[in-house]
Amino acid sequence: MLPLGVSTHYDIIFTGGGAAALSLAYRGMQSGIFANKQLLIIEPSAKTSNDKTWCFWEEQAGPFEDILFKRWAHMKVYGNNGREIVLQPGSFEYKMIRSIDFYEHTLNYLKQQTNITFLQASVDEINANKVGKAVAHAEGVGYSADTIFNSIFKKPHLQSDQNYFIQHFLGEIIQLPANNHIDPEAIHLMDFRTSQEHGTAFFYVLPLHNNQVLVEYTLFTKQVLDRTAYKTAIKAFIQEHLMVSDYEVLEEEYGEIPMTDFPFQRFDGRVVNIGSAGGDTRGSSGYTFSNIQRTVSAILQAYRKTGQPVFQKPTISKKHQLYDKTLLRVLNNNQYQGHEMFTDLFTKAPAHKVFRFLDGTSTLIEDTAIMTSLKSKHFIFPFINSI
Ligand SMILES: Cc1cc2nc3c(=O)[nH]c(=O)nc-3n(C[C@H](O)[C@H](O)[C@H](O)COP(=O)(O)OP(=O)(O)OC[C@H]3O[C@@H](n4cnc5c(N)ncnc54)[C@H](O)[C@@H]3O)c2cc1C
């Protein structure tokens, strides 16, 4: 901890110390790239609660394999009409990390490093380029650095042709009686067996350990709901589709993730925006955790090659940003409803191709296969207008 009023120059400052900052600091230290640098992490939260559950699909072992809470190789999607689609994920697995395990794992290691200072405070302002350095102001003190990695997300000011949906959800971890009928090895990636009156809405069901299940009610809309509306929907879904009425709620998670085609700025003077603030959240799905790891890899590679964090290739390619913009426009004009679109996608294209598409690693031929699995008449004009 820093004594009050002291301002020092650092090689690197992290404004915000969540998923992106801790991934970068941890992987930068582990790889030795930050070994001779002085680091400051400014974050108001002590990170002692399990505030998020991060899930993502992956083919290979990832950088946080040791702290995976669970992994699944079997996945299903249910259409709004009740039809079950068993996915073909190929060698992809769906993986889950609890944020508390991630915070403990990264912070236990980072707090042992003598070149890292932690400041529990809130950043009020960042100057991206002040006479050859960047400055973060926190609680009346300015902290300067050669580079600031910023992950403080602010809702952007949108142009009239830009879309902004909120992916909002409430999840409950429930304890089921031992004689339940839920397949412990298969997740419901998107289960649309619910009313679509508010917009695209689905359940996400992850069987955990010891008859515990995470059931999350998720919507892609422009307004969030009243808290009781999520709980009522979850209760009805559990009774109707998981066929359980006797259960205990152990934990609750509420979240909002931006789904937008706003072009977030990665580099701004000596500031590098990372995480959702740097555009690592996929506009069409809200998935972020894997993109954060790709951005971290690109930053570390750039440091290795040039001594600077600047990299050229966008984490989400321009082509995939264009697809996201198109999809958000289709959602916006609502002629092809979200539930129909995602059900068509998973019915007609194998999940491993969809995952590559959503990861932004698909080829043009795979993209075409994905596009033709959807009702193209709804896509043509939004696509042309997005170019
Ligand atoms: C509940 C929830 C569940 C999610 N689940 C998934 C998932 O399953 N899969 C997936 O891919 N993505 C998921 N996401 C999206 C995304 O992965 C997370 O939001 C992720 O935490 C983004 O990382 P980040 O570093 O950009 O933001 P954060 O992890 O939120 O880190 C930003 C940090 O900045 C700090 N901060 C804010 N204001 C200030 C300030 N003024 N000064 C200093 N610090 C400040 C915050 O306290 C926070 O710690 C989820 C998001 C939420 C909210």
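Order of appearance sets the numbers: ligands from 1, and atoms from 1 within every ligand.
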Contact with ligand 1 for Met96, non-hydrogen, under 4.0 angstrom: no

Ligand 1 contacted by Trp54 (non-hydrogen, < 4.0 Å): yes

Output field: ring centroids [X]/[Y] closer than 6.0 Å:
X: Phe262; Y: Tyr164; value: no
X: Phe264; Y: Phe153; value: yes
X: Tyr94; Y: Phe92; value: no

Closest to atom 25 (O) of ligand 1 among Gly17, Ala121, Gly278, Ala20 (heavy-atom distance): Ala20

Shortest heavy-atom approach to atom 32 (C) of ligand 1 - which of Ala19, Gly16, Ser151: Ser151

For ligand 1, find out whether one of its N or O atoms is nearer than 3.5 Å to an N or O atom of [X].
X: Glu43; value: yes
X: Tyr254; value: no
X: Lys52; value: yes
X: Ser276; value: yes
X: Ile257; value: no
X: Thr288; value: yes
X: Cys55; value: yes
X: Phe289; value: yes
X: Ser45; value: no

Note the single closest protein heavy atom to [atom], along with its residue, its atom name and the distance in Å.
atom: atom 44 (N) of ligand 1; value: Pro44 CD, 3.1 Å
atom: atom 37 (C) of ligand 1; value: Ile152 CG2, 4.1 Å
atom: atom 31 (O) of ligand 1; value: Gly18 CA, 3.3 Å
atom: atom 41 (N) of ligand 1; value: Val123 O, 3.0 Å
atom: atom 5 (N) of ligand 1; value: Thr53 O, 3.0 Å

Under-4.0 Å heavy-atom contact with ligand 1, by part of [X] that carries it:
X: Phe169; result: side chain
X: Ile292; result: side chain
X: Thr15; result: neither

Sub-4.5 Å side-chain heavy-atom contact between Phe14 and Glu43: no

Note, Phe34 side chain near Leu300 side chain (heavy atom, < 4.5 Å): yes

Phe346 with Met341, same ILVMFWY side-chain cluster at under 4.5 Å: yes

Atom indices of ligand 1 within 4.0 angstrom of [X] heavy atoms, with elements:
X: Gly255; result: 1 (C)
X: Ser122; result: 40 (C), 41 (N), 42 (N)
X: Gly275; result: 26 (O)
X: Lys47; result: 48 (C), 49 (O)
X: Ile42; result: 43 (C), 44 (N)

Presence of salt bridge, Lys353 and Glu366, under 4.0 angstrom: no

Pair Arg71 + Glu58, salt bridge at N-O below 4.0 Å: no

ring-ring contact (aromatic ring centres under 6.0 Å, His included) partner of Phe64, the single match among Phe56, Phe69, Phe102: Phe102

Passing candidate, ring-ring contact (aromatic ring centres under 6.0 Å, His included) with Phe202, options Tyr78, Phe220, Phe342, Tyr217: Phe220

Donor-acceptor under 3.5 Å (Arg282 side chain, Asn291 main chain): no

Under 3.5 Å: donor-acceptor pair, side chain of Lys70, backbone of Leu208: yes

By ring-ring contact (aromatic ring centres under 6.0 Å, His included) - contacts of Tyr254 (at least two apart): Tyr230

Which residues share a side-chain contact (heavy atoms from CB on, under 4.5 Å) with Ser99, sequence neighbours left out: Asn50, Asp51, Lys52, Trp54, Tyr103

Aromatic ring pairing Phe237/Phe203, orientation class (parallel under 30°, perpendicular over 60°, tilted between): parallel

